[in-house]
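One structure is given here, and the rest of the page talks about it.
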Amino acid sequence: MWRREVTAFSGAARVAGVVGAPVRQSLSPLIHNAWIAAAGLDAVYVPFSPEADKFDAFISGLRRGSMAGLNVTLPFKQAALALADRADEPARAAGAANLLLFDDAGAVEARNTDGIGLLYALDLQAPGWAAGSGVVVVLGAGGAARGAVAALVVAGFTVRIVNRTRERAVMLAQTFDGADAMEGERLADVFAEAFLVINATSAGLEGRGDLDPPLQALPPQAVVMDMVYRPLCTPLLRQAQARGLQTVDGLAMLVGQAIPSFQALFGRPVPPQVDVRALALAALEEGGQ
Ligand code: NAP
């Protein structure tokens with residue numbers, strides 16, 4: 001059983017949160033409230049789940065309010081960017097925002113920290129990955145894939161996109177110089193020249209179909225990352241580990257995107273003394289995942 005900290009906050013507390021539908025399984029409140037407690041802040045981070053067609057009205061109600069900002073998760077990331085008054089470059093490139101900040105004048109700023117989270121996870125769990133030669137293969141063409149491709153192209157990597165629905169991969173690749181869409185049938189050829197494969201599909205998520213990519217075609221130094229973290233060790237990561245490949249999990253990315261979010265929401269760096277990954281792992285175990 002992971003320990004629940006009771007944090008006291010006053011009527012002047014800084015309020016932030018996460019908005020999604022569903023949001024009840026989000027680990028963000030656990031992570032941010034642990035940092036808040038460790039930093040001794042007069043603040044609180046809460047989950048919100050408006051009806052899907054009421055998202056814009058929900059955000060309008062918070063403009064000029066006392067809320068500092070909100071992380072944004074499925075299915076609102078694109079809508080969050082669309083309603084913002086200004087957006088940072090990663091949010092514009094990804095076509096989606098995972099963070100909204102409210103200012104005193106009633107304006108909303110959209111940011112996207114998922115790309116930072118992706119690179120943080122790779123640096124943490126596969127140090128030296130960026131020195132690999134060849135291409136990066138991104139599996140998927142949804143919102144998460146778009147954010148990953150944007151971050152990787154900006155970082156100077158050549159990206160090959162493969163998606164179940166090929167037209168979506170083609171459309172995504174057209175948005176970026178440095179990315180192209182590949183035929184699923186040619187996956188073994190594409191893998192043979194890859195130093196990094198990232199699963200940005202929801203396959204592998206509890207109850208969804210698994211991917212069966214040709215990991216045997218990857219060079220032995222290749223790194224395999226899965227954005228899915230329920231379960232933490234997905235079938236893809238298990239197969240990669242069985243082949244002796246280095247792996248990176250989605251929980252590291254979740255923590256990696258939360259670090260700059262906390263700085264933006266609460267105006268200070270995360271306190272180093274709290275191990276939020278351990279807390280999140282305990283919560284996943286408690287939830288049976
Ligand atoms: P999305 O926009 O709904 O896109 C889903 C993608 O998965 C599409 O490319 C879809 O292909 C593909 N897909 C779904 N089921 C599949 C299957 N059985 N076989 C092959 N492909 C399948 O979702 P998203 O926002 O991109 O999120 C994708 C995943 O990333 C989710 O599991 C999400 O939780 C995770 N994520 C994790 C983090 C993190 O911090 N770790 C951050 C963001 C997202 P089609 O186009 O053919 O439908």
Side-chain angles (χ1 to χ4, degrees), residues 16-20 26-32 34-36 39 45 68-74 76-78 80-81 84 86-101 108-132 136 138 140 142-157 159 161 172 175-176 178-179 196-200 223-229 247-272 274-277 280:
V18 56
V19 58
S26 173
L27 293 171
S28 295
L30 174 68
I31 291 171
H32 284 273
W35 281 329
I36 286 169
Y45 184 102
L70 289 170
N71 281 120
V72 183
T73 185
L74 285 173
F76 300 127
K77 287 184 172 186
Q78 283 166 329
L81 176 66
R86 54 181 187 272
D88 71 357
E89 179 49 35
R92 285 200 300 272
N98 74 332
L99 177 62
L100 292 177
L101 300 172
V108 180
E109 178 185 341
R111 295 190 188 175
N112 194 316
T113 66
D114 279 339
I116 297 173
L118 177 88
L119 301 179
Y120 168 93
L122 288 163
D123 287 342
L124 189 73
Q125 296 189 338
W129 69 276
V136 180
V138 172
R146 178 175 284 273
V149 174
L152 291 161
V153 165
V154 167
F157 298 104
V159 181
I161 306 165
L172 178 54
T175 323
F176 300 100
L196 171 62
V197 173
I198 299 172
N199 176 34
V223 175
V224 176
M225 173 172 180
D226 202 329
M227 288 196 193
V228 171
Y229 56 86
T247 59
V248 176
D249 63 56
L251 185 56
M253 176 172 167
L254 185 78
V255 173
Q257 64 75 34
I259 292 170
S261 295
F262 184 89
Q263 169 81 52
L265 293 168
F266 301 107
R268 63 176 64 206
V270 301
V274 54
D275 184 351
V276 292
R277 180 177 171 89

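Model, not experiment: these values are computed from the prediction. Numbering of residues begins at 1 and proceeds along the displayed sequence.
Between atom CZ of residue Arg86 and atom CG of residue Leu81 there is a gap of 13.5 Å, rounded to the nearest 0.5 Å. Summarising the geometry, atom CG belonging to Leu196 is positioned 6.0 Å from atom CH2 belonging to Trp129; distances are rounded to the nearest 0.5 Å. Residue Leu70 holds its CG atom at 11.0 Å from CZ of Phe76, rounded to the nearest 0.5 Å. In this structure, CG in Asp249 is found 12.5 Å from CE in Met227, a value given to the nearest 0.5 Å. To the nearest 0.5 Å, atoms OG (Ser26) and NE2 (His32) are separated by 8.5 Å. For the atom pair CG (Leu118) and CD1 (Ile198), the distance works out to 4.5 Å, reported to the nearest 0.5 Å.
A side-chain contact (heavy atoms from CB on, under 4.5 Å) with Val248 holds for exactly one of Leu124, Val224, Val223; it is Val223. For the pairing with Pro90, the side-chain contact (heavy atoms from CB on, under 4.5 Å) check across Asn112, Leu99, Asp114 returns one residue only, Asn112.
Of the possible polar contacts, one joining the Arg92 side chain to the Ala87 backbone as a donor-acceptor pair under 3.5 Å is found. In this structure, Gln257 contributes its side chain and Leu254 its backbone to a donor-acceptor pair below 3.5 Å.
In this structure, a donor-acceptor pair under 3.5 Å is present between the side chains of Ser261 and Asn71.
Closest non-hydrogen pair, Ala110 versus Ala80, comes out as CB-O, 4.4 Å. Considering every non-hydrogen atom in both Ala145 and Gly140, the closest pair reads CB-O, 3.2 Å. Smallest separation of non-hydrogen atoms from Pro29 and Tyr45: CA-CD2, 3.5 Å. Nearest approach of Ala258 to Ile31, heavy atoms of both residues: CB-CG2, 4.2 Å. Shortest non-hydrogen contact noted between Arg111 and Ala264 is NH1-CB, 3.6 Å.
Around atom CD of Gln78, no more than 12 heavy atoms belonging to other residues, nucleotides or ligands sit under 6.0 Å away.
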Run the side chain to side chain contact (heavy atoms under 4.5 Å, CB included) test on Leu265 and Leu101 for me, step by step, so that the C-alpha distance in whole Å, both residues' side-chain angles and the decisive distance to 0.1 Å come before the verdict. CA-CA 7 Å; Leu265 293 168; Leu101 300 172; 3.7 Å; yes
How far apart are the C-alpha atoms of Phe176 and Val159, what are their side-chain angles, what is the distance that settles it, and do they pass the side chain to side chain contact (heavy atoms under 4.5 Å, CB included) test? CA-CA 9 Å; Phe176 300 100; Val159 181; over 6 Å; no
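In this structure, the side chain to side chain contact (heavy atoms under 4.5 Å, CB included) partners of Ala130, at least two apart in sequence or on a different chain, are Phe157. In this view, Arg268 satisfies the salt bridge (charged side-chain N to carboxylate O under 4.0 Å, His left out) rule with no residue, not counting sequence neighbours.
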Cut-off 3.5 Å, no hydrogens considered: what does the side-chain donor-acceptor table look like for residues 147-155, sequence neighbours left out?
none

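Ring geometry for Phe262 against Phe266 counts as tilted: the plane angle lies between 30° and 60°, on a 0 to 90° scale.
The shortest distance between side-chain heavy atoms of Val19 and Leu100 does not fall below 4.5 Å. Considering only heavy atoms from C-beta on, Val276 stays 4.5 Å or farther from Val270 through its side chain.
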